[in-house]
Amino acid sequence: MQIETPYLMFLGDVPDTLAAKTAYGIADWRPDWCVGQLRLPGCAADLGIPDLTLDEAVAKGCRTMVIGVANAGGVLPTHWVSEVVAALNAGLDIASGLHVRLGSLPEIDEAAEKNGRQLHDVRHTTETFDTGKGIRRPGRRLLSVGTDCSVGKKYTVLALERGMRERGLDADFRATGQTGVFISGRGVAIDAVVADFISGAVEWIAPAADPDHWDLIEGQGSLYHPSFAGVSLGLLHGAQADAFVVCHEPSRKAMRGVAHPLPSIQQVIDLTIQLGSLTNPGICPVGIAVNTQKLGEDEARTLLQDLTREHGLPATDPVRFGVDGIIDRLLAEFPAGSAA
């Protein structure tokens, strides 16, 4: 799958910023690819880039309109279909991370065929996966896990990739969600893989590697989330994680989309070790990543200091304060040349 850049980011009329997390992720990590955004009346998200019409986007060289939303069920709202058709008529390809296949909608399929444009369904792969085998393979792996969904698991491993590479370490981000695939150009949207093959797909995403190479695997959902725990568990077993980072958003009381209360960080640490030990008995936590966006700087620093003392792990906001402490802990736990 080769998606032509640069992008026009389509946000539709999403009700909040989390609903547009795909667009935000691409804009944050590939800003040079994002020329502008197209929003409908009532849209509550704003990437902080120019609002463009389709004609303006084409004039600025845009090649693909990315549907940058992640909604419940991954559906394409009916009133967005005409916008997608108009983009195809204007000469743009369409890329989507939604569950629904673009070509399954007759109006979109016909417009793409008529205009000779490409439809990219990033959530759907043509790769065939084996079931997971749970056999140890060379290389090191870190997985981000969470107290909830949408708490910063992708941003954490992307920040770790950047920080580790800056320190001369051999590390690669491994995408398991549609936004990550847009950012990295490779990966699998794990939540679209048939359940029996989730752990096998992760073994494919992070295959055998040099003993000192780190695959930094993007986590999904939460082991405590009643909707997504199955995906999270398959990821954990397939990753055979040597290390994990717990991601957390402190302002939440209930998990996103359900009434269940947020688990504690310690509960997530304990359950991740218990379940992850099936495929890697040596699994251990190396840090806590906290999304402090809703906190003032002093409040955020105090919280992070408290969490560091409470859990004996470096706690940081990867975007706000960096990830050096987590990298230091990772290297202390897994020094170069120590891999079996």
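Atoms considered below: every heavy atom in the structure, side chains included; atoms not considered: hydrogens, waters and symmetry mates.
- Although no hydrogens or angles enter the test, the distance criterion places a donor-acceptor pair under 3.5 Å between the side chain of N291 and the main chain of Q293.
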request  = List the steps, then state whether side chain to side chain contact (heavy atoms under 4.5 Å, CB included) holds for I269 with F244.
outcome  = CA-CA 9 Å; I269 291 173; F244 65 93; 4.2 Å; yes
query = Does the side chain to side chain contact (heavy atoms under 4.5 Å, CB included) test come out yes or no for V75 and L98, once each step is laid out?
reply = CA-CA 6 Å; V75 299; L98 298 172; over 6 Å; no
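- Every residue meeting the side-chain hydrogen bond (donor to acceptor under 3.5 Å, both in side chains) condition with Q220, not counting sequence neighbours, appears here in chain and number order: T176, E218.
- Side-chain atoms of S144 and K154, non-hydrogen and from C-beta on, never get closer than 4.5 Å to each other.
- The heavy-atom pair separating S150 from L18 by the smallest distance is CB-CD2, 3.8 Å.
- Under a 3.5 Å cut-off, the side chain of R39 and the backbone N or O of Q37 do not form any donor-acceptor pair.
- A donor-acceptor pair is defined here as one N or O able to donate and one able to accept, closer than 3.5 Å; such a pair exists between the side chain of D121 and the backbone of L102.
- For the pair R301 and D298, the salt-bridge criterion is not met [side-chain N within less than 4.0 Å of a carboxylate O].
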task = Could you please spell out the steps behind the side chain to side chain contact (heavy atoms under 4.5 Å, CB included) verdict for S227 and V258?
result = CA-CA 8 Å; S227 303; V258 296; 3.8 Å; yes
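- Side-chain atoms of R137 come within 3.5 Å of backbone N or O of A206 as a donor-acceptor pair.
- More than 12 heavy atoms of other residues, nucleotides or ligands shown are found within 6.0 angstrom of CD on E4.
- Using a 4.0 Å cut-off between a side-chain N of Lys or Arg and a carboxylate O of Asp or Glu, R162 and E166 do not qualify as a salt bridge.
- Residues meeting the ring pair (Phe, Tyr, Trp, His ring centres under 6.0 Å) test with Y224, sequence neighbours left out: none.
- With values rounded to the nearest 0.5 angstrom, D51 atom CG is found 6.5 Å from D46 atom CG.
- Between the CD1 atom in I326 and the OG1 atom in T316 there is a gap of 6.0 Å [rounded to 0.5 Å].
- Checking D28 against Y155 by side-chain atom types alone, a donor-acceptor pair falls below 3.5 Å.
- For F334, the ring pair (Phe, Tyr, Trp, His ring centres under 6.0 Å) partners at least two apart in sequence or on another chain are W214.
- To the nearest 0.5 Å, the span separating CD1 on I190 from CZ on F197 amounts to 12.5 Å.
- Taking R63 as the reference, nothing meets the side-chain hydrogen bond (donor to acceptor under 3.5 Å, both in side chains) condition, with sequence neighbours excluded.
- Formation of a donor-acceptor pair under 3.5 Å by the T147 side chain with backbone atoms of I265 is not found in this model.
- Atom CZ of R252 sits about 4.5 Å away from atom CG of D148, to the nearest 0.5 Å.
- With values rounded to the nearest 0.5 angstrom, M65 atom CE is found 11.0 Å from D93 atom CG.
- For R256, there are no side-chain hydrogen bond (donor to acceptor under 3.5 Å, both in side chains) partners at least two apart in sequence or on another chain.
- Y7 places a side-chain heavy atom less than 4.5 Å from the side chain of F182.
- Listed by chain and number, the residues in a ring pair (Phe, Tyr, Trp, His ring centres under 6.0 Å) with H248 amount to none (sequence neighbours excluded).
- Under the salt bridge (Lys or Arg N to Asp or Glu O under 4.0 Å) criterion, E333 pairs with R329, sequence neighbours left out.
- The two atoms that bring V69 and T22 nearest to each other are O-OG1, 3.9 Å, heavy atoms only.
- Taking all atoms of both residues into account, the shortest heavy-atom contact from A19 to D16 is N-OD1, 2.9 Å.
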Going by atom type alone, with no hydrogens or angles, which donor-acceptor pairs under 3.5 Å involve a side-chain atom of residues 281-289 and a protein atom two or more places apart or on another chain?
none

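- Side-chain contact between I108 and V85 is present, with heavy atoms from C-beta onward closer than 4.5 Å.
- The backbone N or O of H99 lies less than 3.5 Å from a partner atom in the side chain of H124, making a donor-acceptor pair.
- Legend: residues meeting salt bridge (Lys or Arg N to Asp or Glu O under 4.0 Å) with E56, ordered by chain and number and at least two apart, are absent.
- When the side-chain hydrogen bond (donor to acceptor under 3.5 Å, both in side chains) test is applied to R136, the partners found at least two apart in sequence or on another chain are D242.
- For the atom pair E299 CD and K294 NZ, the distance stands at 12.5 Å (nearest 0.5 Å).
- Closest approach of L11 to A23, counting heavy atoms only: CD2-CB, 3.3 Å.
- The backbone N or O of D196 sits nowhere less than 3.5 Å from a side-chain atom of T131 that would complete a donor-acceptor pair.
- Every residue meeting the ring pair (Phe, Tyr, Trp, His ring centres under 6.0 Å) condition with F228, not counting sequence neighbours, appears here in chain and number order: H225.
- Between S96 and L76 there is no side-chain heavy-atom pair separated by less than 4.5 Å.
- Panel note: side chain R117, backbone A111; no donor-acceptor pair is recorded below 3.5 Å.
- Considering every non-hydrogen atom in both A315 and T308, the closest pair reads N-OG1, 3.2 Å.
- Open room surrounds NZ on K60; 12 or fewer heavy atoms of other groups in view lie less than 6.0 Å from it.
- Residues C43 and G12 share a closest heavy-atom pair of CB-O, 3.3 Å.
- The backbone N or O of Q240 lies less than 3.5 Å from a partner atom in the side chain of N280, making a donor-acceptor pair.
- Side-chain contact between D212 and D170 is absent, with no heavy-atom pair separated by less than 4.5 Å.
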message = Walk me through whether N89 and K114 qualify under side chain to side chain contact (heavy atoms under 4.5 Å, CB included).
response = CA-CA 8 Å; N89 290 337; K114 179 183 72 174; 3.5 Å; yes
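- Taking the six-membered ring where the residue is Trp, the centroids of F10 and W80 are separated by under 6.0 Å.
- Listed for the K153 side chain is a donor-acceptor partner under 3.5 Å among the backbone atoms of G221.
- Pairs of residues two or more places apart, or lying in two chains, that qualify as salt bridge (Lys or Arg N to Asp or Glu O under 4.0 Å) and include a residue from residues 310-325 are R167-D324.
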